[in-house]
Engineer: 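Have a look at this one.
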Amino acid sequence: MSDAREALEAATRLLAAAGIESARADAESLLAHELGTGRGRVQAIALTGGPVDPVVLARFARLVERRADREPLQHLTGSAGFRTIELAVGPGVFVPRPETEMVAQLAIDAASGMESPLVVDLATGSGAIALAVAAEVPAATVVGVERNPAALVWAERNAVALALPNARIVPGDLADAVPELDGRVDVVVSNPPYIPDGMIPRDPEVRLHDPADALFGGPDGLDPMRAVVATAARLLHPGGFVVVEHGEHQGAEVRALFPADSWHPARTHRDLTDRDRATTTRRR
Ligand code: GLN
């Protein structure tokens, strides 16, 4: 038997040296994953200096090396928490981000005030927003649309695992999605790709492991957003609500994509780090 505390400390040093800010938390998550338990239990074991099976520690050490090579934590554990749900993620699908939880919140708040809302999530990726809305607004019917075949597999797998009776995932492009719902939708939500093509994401986890087509949105990053706005205009009935995630410097540009003849004045919302992150408005 070997000591969990020492193993965690060594792992934390290695991950910190690899430039990972959340080194200790990541080490705890990886050990928790190998032990089939939660981080709280790992912290308790570390406090009491509890012994851990050397076979488990060897597997943990291998995961720590991969994390030090900047494989995303969520690819190593195979899951990402998003609001109240856990999503299976891995190569081929965009890892859901904490800031997107707030985008989902705006959709949830809008849908919660309605009787039996129809919600469409364009470019759902792992299904994060669609499935979170379905989980938190049982009265809603939610359709998640995804074009990328690899991502679609993850979204469908997550929908099956969560078994929400009010959610379905369909293949489709955000530009011409679900025409059978034209004029009938209450809420459109989307976290489309929005990084300008020429920008290189700083974190290797993003640059090397998130699918490029979930990140990049043309010369100014907003080509997919223009398609989202057009699709939202087609899907929403008058009074219908739209919320889109965007980059921290894109608020004014995104608001300008909603012309006054079709939309009420748009509003931009900040995330928990006080950066512009989402814009909302209603269909006239
Ligand atoms: N938020 C992403 C990132 O930080 C950018 C693309 C997106 O979310 N649509 O990498």
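Whatever order the structure lists ligands and atoms in, that order sets their numbers, starting from 1.
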Engineer: Establish, for the pair R284 and W263, whether the NZ or CZ atom is under 6.0 angstrom from the six-membered ring centre and no further than 45 degrees off its axis.
Structural biologist: no
Engineer: How far is atom 10 (O) of ligand 1 from its nearest protein heavy atom, and which residue and atom is that?
Structural biologist: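 Checked against all protein heavy atoms, atom 10 (O) of ligand 1 sits closest to R97 NH2, 2.9 Å.
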Engineer: Side chains of T124 and D121: donor-acceptor distance under 3.5 Å anywhere?
Structural biologist: yes
Engineer: Give me the nearest non-hydrogen protein atom to atom 8 (O) of ligand 1 as residue plus atom name, then the distance to 0.1 Å.
Structural biologist: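 Result for atom 8 (O) of ligand 1: N191 OD1, 3.1 Å.
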Engineer: Write out the residue and atom name of the closest protein heavy atom to atom 2 (C) of ligand 1, then the distance separating them to 0.1 Å.
Structural biologist: F94 CZ, 3.8 Å
Engineer: With a cut-off of 4.0 Å, which atoms of ligand 1 are near a heavy atom of V206?
Structural biologist: 10 (O)
Engineer: Please list, in number order, the atoms of ligand 1 under 4.0 Å from a heavy atom of E245.
Structural biologist: 1 (N), 8 (O)
Engineer: Is the backbone of G125 close enough, under 3.5 Å, to the side chain of E146 for a donor and an acceptor to pair up by distance?
Structural biologist: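 At least one qualifying donor-acceptor pair exists.
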Engineer: Could you see which bit of A214 sits under 4.0 Å from ligand 1, with heavy atoms only: side chain, backbone, both or neither?
Structural biologist: backbone
Engineer: Does the side chain of T281 come under 3.5 Å of the side chain of R267 through a donor N or O and an acceptor N or O?
Structural biologist: no
Engineer: Taking only non-hydrogen atoms of A123, do any sit less than 4.0 angstrom from ligand 1?
Structural biologist: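 False for this residue.
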Engineer: Residues in side-chain contact (heavy atoms from CB on, under 4.5 Å) with D223, at least two apart?
Structural biologist: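 Here the qualifying residues are P219, D220, R226.
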Engineer: Verify the distance criterion only: is there a donor paired with an acceptor across the side chains of E245 and Y194 at less than 3.5 Å?
Structural biologist: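 Looking only at side-chain atoms, Y194 and E245 do form a donor-acceptor pair, the distance falling under 3.5 Å.
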Engineer: Please list the nearest protein heavy atom to atom 1 (N) of ligand 1 with its residue and the distance rounded to 0.1 Å.
Structural biologist: Y194 OH, 2.9 Å
Engineer: Please work out whether any backbone atom (N, CA, C, O) or any side-chain heavy atom from C-beta onward of I195 is under 4.0 Å from ligand 1, and answer side chain, backbone, both or neither.
Structural biologist: side chain
Engineer: Does D53 use its side chain to pair, donor to acceptor, with the backbone of V55 at less than 3.5 Å?
Structural biologist: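 Side chain of D53 to backbone of V55, a donor-acceptor pair under 3.5 Å: yes, one is there.
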Engineer: I want to know if ligand 1 touches P192 in the polar sense, i.e. an N/O pair below 3.5 angstrom.
Structural biologist: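 Yes; the residue has a nitrogen or oxygen that sits under 3.5 Å from a nitrogen or oxygen of the ligand.
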